[in-house]
Amino acid sequence: MNRTARAFWLDSPGRGGIREVDLPVPGEGEVLVRSLCSGVSRGTETLVFRGEVPESQHAVMRAPFQEGDFPGPVKYGYLNVGVVDEGPGELVGRTVFCLYPHQTHYVVPASAVTPVPDGVPAARAVLAGTVETAVNALWDAAPLVGDRIAVVGGGMVGCSVAALLARFPGVRVQLVDADPARANTAEALGVGFALPGDALGECDLVVHASATEQGLSRALELLTAEGTVVELSWYGDRKVSLPLGEAFHSRRLVIRGSQVGTVSPARANRSYADRLALALDLLADPAFDALVTGESAFEDLPGVMPGLASGEIPALCHRIRYDAP
């Protein structure tokens, strides 16, 4: 076969292009994957595209198969679903998920791919990396039966968290977002919706994922005494001010950070592979289809990314399809 592939690279902040890259011959224990689709999240990936990764976080923010360095040129991405064309017999022909950037074909260790369950379409499996983040967040948050919970920020991560919380018995779950259009997404996920000013208070738990100072402040306001905010937002190089005066201390409020780069200490007996496999199993629920809000061909990605990064193209997860054989 032709041992070349095409990959999307961020050439410099705000400008990307497609490059031809050489493919190695898979060695023992490696697989050659042909991409079916990949996903662009308007969170971390568009922040990278805008060149807003702080220098202090360059090492932490590296994707597993990233090439190049921030702010660019860099090949970045982590939501890829494809078919194994070459490799160990038990994987050839299988649809797999991999934390790989946008590229038509690629070679990785077989241990880096996770088979997609038969009941999960490839087009939905691109959400696995984000649902994995939501799984880790809820391991950190440890919601209880009957909790009153708000998810502030109806982006891709926030909606994934809300979708999982909708399965918890007896909880009151409300998705809170400044965009009224997110009400339709909340309905599809089976949770309530409110604009920030109308959100229900006295929450035992608030998961914050809006990546805004206003959202985090509102999350604190929604808590009951001794309640907890689990912070999922990534602010890049922006400074955030919080109202930690007034009743913050007397009400004994808690802000807890959560990040998918490490497995939650609450589940220290689980591996990264366990967590990702669980996320893929959870994607058997068709309600998650509501999180894929647009699609483009791979060849159009250099023109699509600026629109996603600026918000001109509204999206939760924007799916990239690979039509070439």
### Query
Taking it one step at a time, do Arg275 and Val260 satisfy side chain to side chain contact (heavy atoms under 4.5 Å, CB included)?
CA-CA 10 Å; Arg275 190 177 64 184; Val260 74; 3.4 Å; yes
### Worked verdict on Gln66 versus Phe70 for side chain to side chain contact (heavy atoms under 4.5 Å, CB included)
CA-CA 10 Å; Gln66 173 179 326; Phe70 304 119; 3.4 Å; yes
### Message
Test side chain to side chain contact (heavy atoms under 4.5 Å, CB included) on Val83 and Leu36; report intermediate values, then the result.
### Response
CA-CA 7 Å; Val83 174; Leu36 297 175; 3.6 Å; yes
### Task
Take Leu200 and Arg148 through the side chain to side chain contact (heavy atoms under 4.5 Å, CB included) test and state the conclusion after the steps.
CA-CA 9 Å; Leu200 298 173; Arg148 297 159 295 185; over 6 Å; no
### Task
For the pair Thr185 and Glu187, evaluate side-chain hydrogen bond (donor to acceptor under 3.5 Å, both in side chains) and give the outcome as yes or no after the intermediate values.
CA-CA 5 Å; Thr185 307; Glu187 182 179 6; over 6 Å; no
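If you check the side chains of His58 and Ser56, you find no donor sitting under 3.5 Å from an acceptor. His318 and Ser296 share a donor-acceptor pair across their side chains, judged by distance under 3.5 Å alone. No hydrogens or angles considered: a donor-acceptor pair under 3.5 Å links the side chains of Asp274 and Ser271. Counting only N and O atoms by type, the side chains of Ser38 and Tyr322 include a donor and acceptor under 3.5 Å apart. A donor-acceptor contact closer than 3.5 angstrom links the side chains of Glu45 and His102. Between Asn136 and Ser264, the side chains place no donor N or O within less than 3.5 Å of an acceptor N or O (distance only, hydrogens not considered). Judged by distance alone, the side chains of Ser35 and Asn80 do bring a donor and an acceptor atom under 3.5 Å apart.
Nearest approach of Thr262 to Tyr272, heavy atoms of both residues: CA-OH, 3.4 Å. Residue Leu205 comes nearest to Ala141 through the heavy atom pair CD2-CB, 3.8 Å, listed as atom of the first residue, atom of the second, then distance. The two residues Ser233 and Ser210 come nearest to each other via the heavy atoms OG-N, 3.4 Å. Across Pro109 and Val31, no two heavy atoms sit closer than the pair O-CG2, 4.3 Å. Smallest separation of non-hydrogen atoms from Phe288 and Ala163: CE2-CB, 3.6 Å. Between Val145 and Pro169, the shortest heavy-atom distance links the atoms CG1-O, 3.5 Å.
Looking at Val74 and Asp69, their side chains never come closer than 4.5 Å, going by heavy atoms from C-beta outward. Contact check for Met61 versus Thr44: side-chain heavy atoms found under the 4.5 Å cut-off. At a threshold of 4.5 Å between non-hydrogen side-chain atoms, the residues Pro117 and Val120 count as touching. Phe8 is not listed as a side-chain neighbour of Val40, based on a closest heavy-atom distance of 4.5 Å or more. Proximity of Leu23 to Thr4: side-chain heavy atoms (C-beta onward) are nowhere separated by under 4.5 Å. Between Cys317 and Thr293 the shortest side-chain heavy-atom distance does not fall below 4.5 Å. Looking at heavy atoms from C-beta onward, Tyr76 lies out of side-chain contact with Pro101 at the 4.5 angstrom threshold. Side-chain contact check for Val292 versus Leu316: every heavy-atom pair is 4.5 Å or farther apart.
Note: Leu10 CG to Phe49 CZ = 6.0 Å, rounded to the nearest 0.5 Å. Note: Arg270 CZ to Leu278 CG = 7.5 Å, rounded to the nearest 0.5 Å. Here CG of Leu291 is found 7.0 Å from CE of Met156. Values are rounded to the nearest 0.5 Å. Asp198 contributes atom CG, which lies 9.0 Å from atom CZ of Phe193 (distance to the nearest 0.5 angstrom). Here Glu231 contributes atom CD and Leu242 contributes atom CG; the two are 8.5 Å apart, rounded to the nearest 0.5 Å. The CG atom of Asp177 lies 7.5 Å from the SG atom of Cys159; values are rounded to the nearest 0.5 Å.
Exactly one residue among Glu67, Lys75, Arg6, Arg19 makes a side chain to side chain donor-acceptor pair (under 3.5 Å) with Gln103. That residue is Lys75. For the pairing with His208, the side chain to side chain contact (heavy atoms under 4.5 Å, CB included) check across Val230, Val176, Ile255, Val229 returns one residue only, Val229. Phe97 pairs with exactly one of Leu276, Leu283, Val113 by the side chain to side chain contact (heavy atoms under 4.5 Å, CB included) rule, that one being Leu276.
With respect to the salt-bridge test (charged N to carboxylate O, under 4.0 angstrom), the residues Asp289 and Arg124 qualify. Using a cutoff of 4.0 Å between basic side-chain nitrogens and carboxylate oxygens, Arg251 and Glu226 are not scored as salt-bridged.
Residue Asp118 qualifies as open at atom CG: its count of foreign heavy atoms under 6.0 Å is 12 or below. Residue Glu90 places its CD atom among more than 12 non-hydrogen atoms of other residues, nucleotides or ligands, all under 6.0 Å distant.
In this structure, the side chain of Ser258 does not engage the main chain of Asp140 through any donor-acceptor pair within 3.5 Å. Here the side chain of Arg218 pairs a donor or acceptor atom with the backbone of Pro196 at under 3.5 angstrom. Within the 3.5 Å criterion, the main-chain N or O of Ile149 finds no donor-acceptor partner in the side chain of Asp147. In terms of modelled atom types and a separation under 3.5 Å, the side chain of Arg34 and the main chain of Thr104 share no donor-acceptor contact.
Both Leu244 and Val152 sit in one connected hydrophobic cluster of ILVMFWY residues. Membership requires side-chain heavy atoms under 4.5 Å apart, directly or through other members. Under the 4.5 Å side-chain heavy-atom criterion for Ile, Leu, Val, Met, Phe, Trp and Tyr, Val151 and Tyr235 are members of distinct hydrophobic clusters. In the hydrophobic clustering of ILVMFWY residues, with side-chain heavy atoms under 4.5 Å counting as a link, Leu216 and Leu175 come out apart. A continuous path of ILVMFWY side-chain contacts below 4.5 Å connects Val33 to Leu91, so both sit in one hydrophobic cluster. Grouping the Ile, Leu, Val, Met, Phe, Trp and Tyr side chains by contacts below 4.5 angstrom, directly or via other members, places Val131 with Leu165.
Ring pair Phe65/Tyr100 is tilted by interplanar angle, where 30° to 60° counts as tilted.
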